[in-house]
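Have a look at the structure below, then the notes.
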Amino acid sequence: MVRCPQCNISLLQDYDICPLCHCVTEELNEEQQEAIRMRYGNGAPYPNAQRRQRILRFWLRLILFSFMVSEAILIVINHYTTPQVYWSAITGGAFVYGYLFLLYWVSHDSGFALKVWLQMVTAMIILYVIDRYTGNYGWALQWAIPGVILFGDGIVFFLMMLNRSRWWSYTLLLLFLGVCSVGIISLDIATKKSNLILPIICVIVTVLYFFGTILLGERAVKRELKRRFHV
Ligand SMILES: [Zn+2]
């Protein structure tokens with residue numbers, strides 16, 4: 001039996017993630033479980049949330065597949081009709097954005113962290129694509145995307161302050177930002193970019209911030225990450 005700290009409900013099945021809000025659940029000890037049984041009896045299992053999830057996942061995969069096929073066809077058309085303009089890259093970007101937008105709406109009732117994550121991924125991709133197809137000057141990887149990541153660090157800090165009782169639920173977002181910042185600086189070095197000031201600041205701030213939260217909230221953070229990744 002587990003409990004969702006966000007929805008304040010108990011679940012008979014040991015879900016790692018709350019089926020209602022996608023928040024990481026807490027395990028209840030024997031005493032608490034007994035108290036709930038005494039009060040509510042054994043109760044009915046949670047209504048088929050897993051089945052609903054499966055159907056949803058199937059449709060999302062189908063849509064993703066059709067987007068990929070459409071884009072592949074467009075790339076071929078592009079290649080054989082107007083090879084001088086890479087317009088298929090723009091349609092590809094639109095497909096990616098459309099799919100992310102769809103994911104966003106499907107899970108619009110889930111946590112705020114997911115929304116922030118989606119917005120940031122979208123912004124990074126759009127910035128990179130614009131740079132790539134407007135002269136490829138490299139400003140996206142050297143300035144704009146590190147800027148987005150630093151901005152994201154700020155948002156995570158704001159969210160943690162705002163939601164102090166569950167501050168550790170934003171560590172996954174922080175981990176994502178950390179991975180991005182390391183990825184960006186690796187790309188910058190690999191492509192011999194000249195200006196690494198902002199990427200370096202970005203890596204230092206994000207990585208220190210992430211390890212700082214692990215040190216401070218050892219148990220809570222460990223549980224959050226463990227259950228998110230099913231390890
Ligand atoms: Zn919940």
Side-chain angles (χ1 to χ4, degrees), residues 1-64 99-123 152-180 209-210 212-231:
M1 205 181 277
V2 294
R3 183 182 162 278
C4 171
Q6 171 107 327
C7 308
N8 200 18
I9 53 165
S10 305
L11 299 159
L12 282 177
Q13 286 102 326
D14 291 335
Y15 286 111
D16 286 338
I17 312 285
C18 170
L20 296 177
C21 70
H22 303 273
C23 177
V24 168
T25 56
E26 285 168 352
E27 253 167 286
L28 293 176
N29 61 35
E30 274 304 315
E31 232 167 81
Q32 291 166 317
Q33 294 194 22
E34 199 46 47
I36 287 167
R37 273 193 212 103
M38 290 288 278
R39 195 160 166 203
Y40 299 105
N42 273 320
Y46 188 84
N48 261 332
Q50 279 172 328
R51 200 180 109 82
R52 186 180 156 264
Q53 285 288 326
R54 259 202 304 274
I55 295 171
L56 204 64
R57 239 176 278 149
F58 167 76
W59 279 104
L60 284 174
R61 275 198 212 117
L62 196 69
I63 290 166
L64 182 64
Y99 187 68
L100 289 176
F101 202 67
L102 198 72
L103 284 180
Y104 169 83
W105 279 111
V106 159
S107 50
H108 70 277
D109 58 343
S110 60
F112 193 61
L114 185 67
K115 292 176 192 174
V116 174
W117 180 78
L118 268 178
Q119 293 296 327
M120 258 182 287
V121 171
T122 316
D153 289 338
I155 290 178
V156 170
F157 184 73
F158 174 73
L159 285 172
M160 283 179 171
M161 289 294 111
L162 202 71
N163 213 342
R164 239 168 291 173
S165 60
R166 300 198 312 105
W167 65 269
W168 32 261
S169 63
Y170 302 108
T171 41
L172 192 65
L173 195 57
L174 204 51
L175 176 64
F176 162 75
L177 291 174
V179 171
C180 280
Y209 190 6
F210 178 68
T213 59
I214 288 186
L215 277 178
L216 280 174
E218 203 199 356
R219 265 193 65 209
V221 171
K222 248 189 214 159
R223 188 190 58 201
E224 175 82 12
L225 297 179
K226 250 186 180 168
R227 296 201 149 190
R228 289 277 180 209
F229 294 111
H230 304 279
V231 288

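Order of listing sets the numbers, starting from 1, for every ligand and every atom in it.
The SG atom of Cys4 and the SG atom of Cys7 subtend an angle of 110° at the Zn ion (ligand 1), given to the nearest 10 degrees.
A distance of 10.5 Å separates CD of Glu224 from OG1 of Thr213, quoted to the nearest 0.5 Å. The structure places CD1 of Ile9 at 10.5 Å from CD1 of Ile36, a figure rounded to the nearest 0.5 Å.
A cation-pi arrangement is present between Arg223 and Trp168, with the terminal nitrogen or guanidinium carbon under 6.0 Å from the aromatic centre and inside a 45° cone about the axis.
Coordination check, His22 versus the Zn ion (ligand 1): failed, since every N/O/S atom of the residue sits at 2.8 Å or beyond. The Zn ion (ligand 1) has an N, O or S atom of Cys21 closer than 2.8 Å.
More than 12 heavy atoms of other shown residues, nucleotides or ligands fall within 6.0 angstrom of atom CE in Met161.
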